[in-house]
Amino acid sequence: MEKPVVYDNGLNLEATELRLGLPGTNEPEKQSSTSVRSKKRASPEMAEETRSKSSSCISDADDDAPPPKAQVVGWPPVRSYRKNSFQQRKGEAEGAGMYVKVSMDGAPYLRKIDLKVYKSYPELLNALENMFKFRIGEYSEREGYNGSDYTPAYEDKDGDWMLVGDVPWEMFISSCKRLRIMKGSE
Amino acid sequence: MDSKRKKDSPESNELTRSSPFPDEVLERVLGLVKSHKDRSSVSLVCKDWYNAERWSRTHVFIGNCYSVSPEIVARRFPNIRSVTLKGKPRFSDFNLVPLNWGADIHAWLVVFASKYPLLEELRLKRMTVTDESLEFLATTFTNFKALSLLSCDGFSTDGLAAIATHCKNMTELDIQENGIDDLGGGWLSCFPENFTSLEVLNFANLSSDVSFDALEKLVSRCRSLKFLKVNKNITLEQLQRLLECAPQLTELGTGSFHQELTTRQYAELESAFNNCKNLNTLSGLCEATPLYLPVLYPACMNLTFLNLSDAALQSGELAKLLDHCPNLQRLWVLDTVEDKGLEAVGLSCPLLEELRVFPADPYEQDVVHGVTEMGFVAVSYGCPRLHYVLYFCRQMTNAAVATIVKNCPDFTHFRLCVMNPGEPDYLTDEPMDEAFGAVVKNCTKLQRLAVSGLLTDLTFEYIGKYAKNLETLSVAFAGSSDWGMQCVLSGCSKLRKLEIRDCPFGNEALLSGLEKYESMRSLWMSACNVTMNACRRLAKQMPRLNVEVMKDEESDDSQADKVYVYRSVAGPRRDAPPFVLTL
């Protein structure tokens, strides 16, 4: 990783050069690695890999965003047992299933679905449409769901009713407590 | 019986007697001195005091297991009952030290077996401990009572089984955060049925199931049990039963906190917590769902330490929980609580002294959440007693840190980790030099400092100039030249541990500290600009230092990739593996 240090007239000019790169690297890091990236929210139509743990970022990142930096050994300095326990936690949560109640205005009884089964909003909405035999409109950030009487909403951890589709998928399934298909305009 | 002290010959007694007290009185008095630093000072007063101190000492603390040999320890201190040993360099926690590096406890145990057969306590940190060693420990030391293993490796649950089987007087079994081979939970069932002395049991980081039946019976019959930390396989329902058996607990680590409970079960759990009026420490709460956190509320009144680093709480949940913890002094959380959660900390925890914020997703590149400088600032306004902080974040500013240390000038431990290496002040794009300058100027009691972000030599000039009480410094991806490190070595008179990685410090810096290293415990430098020749020069000029180098596979012959320098009275290691070169 380290290239040999070059001394010019006894001065190690490169070592004293101020730049944003890691010491020893040749090229300065691209600026975008240190500035806040613009984060486009994942709308239901877009691919859902944005939140995955894989290091290849696709979809909503800027086209000229630099590839993710190779992970440095032992950085950030987090103890291995902590890393392991968090990975395990995520893995287990996947195994356990995440059942939430789904109510539909006008329906005689509620249903339950396992959110873990779905990987994206389109999949979830599709499943809801099939379960309750209705059609949902087109999602847009500006106007919510257009083109149908039905609107999917969910109750989040704070007890507020939110429109399904606004936040990234992973954030949604970690905060969704129950679902409700609202009918008509309220 | 304690080894009896041989009396000096009568003549020398007359000549060297400086104190009017008989030895026995002096020993009795000095026996009350507990802190090992004080005892060190005591032993330097005069020969009588040195002798009285060594005979009366029952606990020895060895910060670097290679700085001394077990034989030397045993020769000086004949009456030791309790030993604390630390082994590998701290950066081994982050995979910077290869396996089989050393720090094996066995050689020590063999000496202790003959010199300290009545040994009662062993506390190890970053040591290698094999099952054979644990079995040897369990079967040799009949009076053995307390075993604490923190960040150790080399053993499996079989070793724990040996301890449980043979140690009849066990009061403490504390297995924390170790690289353990978990072969199954059967070890817990090895405690005999007539075994009742346990006071501390911590197996939170083990992953296999223990027999709940065995655990419940153990907890029931150990009436003096005070600390209980179970692993995440213990369900809420089981936890309730354990709490019914042991309402006297003062420290509790729960298992997982997300089982689906019936109303009755919920009520029973709440009632169980309600009976635990003595809890001062709470941890675990793995995968806690907000639904069940309220059962904790009745037990939180006397909490002084709340460890939520396994519970990915959101800000609202944390705020509600903290409302019930008015006496909190130490809080550990994940950054899922975000700045909003930390604002709640600032509002609800006026007595807070220690805060640690760990990253939930340390390797995610595109994370929008986590905590920022705002959360830290909010805490500093509300918690003037804050003196220990460990803070992982993705952005920070010089101005924020200046505000924080103005609000909290009593920092003794300031560990800031901006997770992107070389990250500047995100508002001004400048280096973070002024941030750490403010820390060392304002916090005169600072003992431990970890720096991060984009830093030039100026940071280290500040540290050398102002951090006069600094004992431990951790540096990564920082500095501009040798000058930085030289400032620290020459300025920080109380420096004991210096650990550096990925910095442009080279031979001149390394060699500038020649005399300094003998007054320090150790120096670690990895991925810097140090050469083998410089290390050889250091080793040659300072025979009382051990200079060890580990080379990376791809590096060229002249580079010293990982350098570990430490003072020792035991000479060079005799157990070094082939990849550790002692110069």
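Convention: sequence-line order gives letters A, B, ...; per-chain numbering from 1.
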- request: Examine distances only and state if a side-chain atom of W75(A) and a backbone atom of F94(B) form a donor-acceptor pair shorter than 3.5 Å.
  value: no

query: Taking the side chain as C-beta and beyond, is there a heavy-atom pair between P77(A) and D93(B) under 4.5 Å?
result: no

- prompt: Checking heavy atoms, do the side chain of F91(B), its backbone, both or neither come under 4.5 Å from chain A?
  reply: neither

Counting only heavy atoms not in [X], do more than 12 sit closer than 6.0 Å to its [atom1] atom?
X: E508(B); atom1: CD; answer: no
X: M532(B); atom1: CE; answer: yes
X: K340(B); atom1: NZ; answer: no
X: W524(B); atom1: CH2; answer: yes

- prompt: What residue, out of G316(B), S151(B), G506(B), has the most heavy-atom pairs lying under 4.5 Å from chain A?
  reply: S151(B)

query: Can you tell me how far the CZ atom of R79(A) sits from the CG atom of N205(B), to the nearest 0.5 Å?
result: 9.0 Å

Heavy-atom closest pair, residues V73(A) and L96(B): CG1-CD2, 3.9 Å

- line: Tightest non-hydrogen contact, residues P76(A) and Y363(B), listed as CD-CE2, 3.6 Å

message: side chain to side chain contact (heavy atoms under 4.5 Å, CB included), that's the test. Do Q314(B) and D156(A) meet it? Break it down for me.
response: CA-CA 11 Å; Q314(B) 312 284 309; D156(A) 76 356; over 6 Å; no

